[in-house]
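Letters A, B, ... are given to chains in the order of the sequence lines, protein chains preceding strands, and every chain is numbered from 1. What you see is a predicted model, and the numbers here were worked out from it, not measured in a lab.
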Amino acid sequence: PSYHGIPLSLHYLQQSEAAAAGEEEMLRRGPWTVEEDVLLANYIAANGEGRWNALARRAGLKRTGKSCRLRWLNYLRPDLRRGGMTAEEQLLVLELHARWGNRWSKIAQHLPGRTDNEIKNYWRTRVQRHAKQLRCDVGSQRFRDLVRGLWIPRLLERIHAPAGA
DNA sequence: AAACGGACCAACCGCATAACC
DNA sequence: GGGTTATGCGGTTGGTCCGTT
């Protein structure tokens, strides 16, 4: 559970145990606060990204390097696209997933400003939901056929339809 | 009014590989 | 060159929002 951005889970217990055992550090986890975002964004603006563990310490963040990297790549990076996927993007995801399977990172490289996490979430929620509605498995041949025969044509129609119509 | 449930998403984990002494 | 640390990936979880029962 968390409350107002402050995580209250057993991680804190683990951390106090670690502290009681004499290990300092007390790494935070869970949702990022705006203060943390500012620290991270400012540090990277000044010093660039990379060497995440050192970066975390030098930016004054009580986080793992891993957590900082994730936050930057998935949320703070300035060139991120926000908001729902366009029809073009959805089409690309469907096509590339058909070609490569769950290679989210590779797929994301072909959608500028989108992250692998976002695409993975899109697939798990939207695509799997449609599969469920159609009463078939996402991996099944039947579903692949439906994607090619129904979903993709519908997207193409939207893409080529007059804007705003 | 409260409990429930699903959609959505941010963030975590474990593991594999890479990079670094 | 082998052990250790760092990074990147994919799967999964847990929280919040919101509509429904």
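- One interatomic measurement links the two molecules: CG of Leu40(A) to P of dA11(B), which rounds to 11 Å at whole-angstrom precision.
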Per-nt protein contacts along nucleotides 6-12 of chain C (heavy atom under 4.0 Å; B base, S backbone sugar-phosphate only, - none) come out as SSBSBBB

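- The cluster map of Ile, Leu, Val, Met, Phe, Trp and Tyr, joined by side-chain heavy atoms under 4.5 Å apart, puts Ile159(A) and Leu94(A) in the same cluster.
- One interatomic measurement links the two molecules: CD1 of Ile119(A) to P of dC9(B), which rounds to 13 Å at whole-angstrom precision.
- Look at CH2 on Trp123(A): it is 17 Å from P on dC9(B), rounded to the nearest Å.
- Here dG6(B) presents its P atom at 8 Å from NZ of Lys132(A), a figure rounded to the nearest Å.
- A cation-pi arrangement, defined by a distance under 6.0 Å to the six-membered ring centre and an angle within 45 degrees of its axis, is present between Arg82(A) and Tyr75(A).
- Taking the six-membered ring for Trp and the full ring otherwise, the centers of Trp123(A) and His130(A) sit at least 6.0 Å from each other.
- Gln133(A) CD: more than 12 foreign heavy atoms inside a 6.0 Å radius.
- A distance of 8.5 Å separates CG in Leu80(A) from CG in Leu73(A), rounded to the nearest 0.5 Å.
- Gln128(A) places its CD atom 13 Å from the P atom of dT13(C), with the value rounded to the nearest Å.
- In Arg144(A), the CZ atom is crowded: over 12 heavy atoms of neighbouring residues, nucleotides or ligands sit closer than 6.0 Å.
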Distances for protein N or O near nucleotides 18-21 of chain B N or O, under 3.5 Å:
none

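- Here dA10(B) presents its C1' atom at 13 Å from CG of Leu80(A), a figure rounded to the nearest Å.
- Salt-bridge annotation for Glu89(A) and Arg81(A): present, with a side-chain N of the basic residue lying under 4.0 Å from a carboxylate O of the acidic one.
- Contact annotation: Arg129(A) side-chain N/O to dG6(B) OP1/OP2 distance is not under 4.0 Å.
- For the pair Ser67(A) and dC12(B), the criterion of a side-chain N or O lying under 4.0 Å from OP1 or OP2 is met.
- Met85(A) has its CE atom 12 Å from the C1' atom of dC8(B), to the nearest Å.
- A cation-pi contact, defined as under 6.0 Å to the ring centre and within 45° of the axis, links Arg63(A) to Trp32(A).
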Please assess Tyr122(A) against Gln90(A) for the test side-chain hydrogen bond (donor to acceptor under 3.5 Å, both in side chains), listing each intermediate value before the final yes or no. CA-CA 9 Å; Tyr122(A) 171 77; Gln90(A) 297 179 42; 3.1 Å; yes

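- In this structure, Asn74(A) places its CG atom 8 Å from P of dA10(B), rounding to the nearest Å.
- The ring-ring contact (aromatic ring centres under 6.0 Å, His included) test with His97(A) singles out one residue from Phe143(A), Trp151(A), Trp104(A), and that residue is Trp104(A).
- Using a 4.0 Å cutoff on non-hydrogen atoms, no part of residues 90-100 of chain A comes near DNA chain C.
- At most 12 heavy atoms of other shown residues, nucleotides or ligands fall within 6.0 angstrom of atom CZ in Arg148(A).
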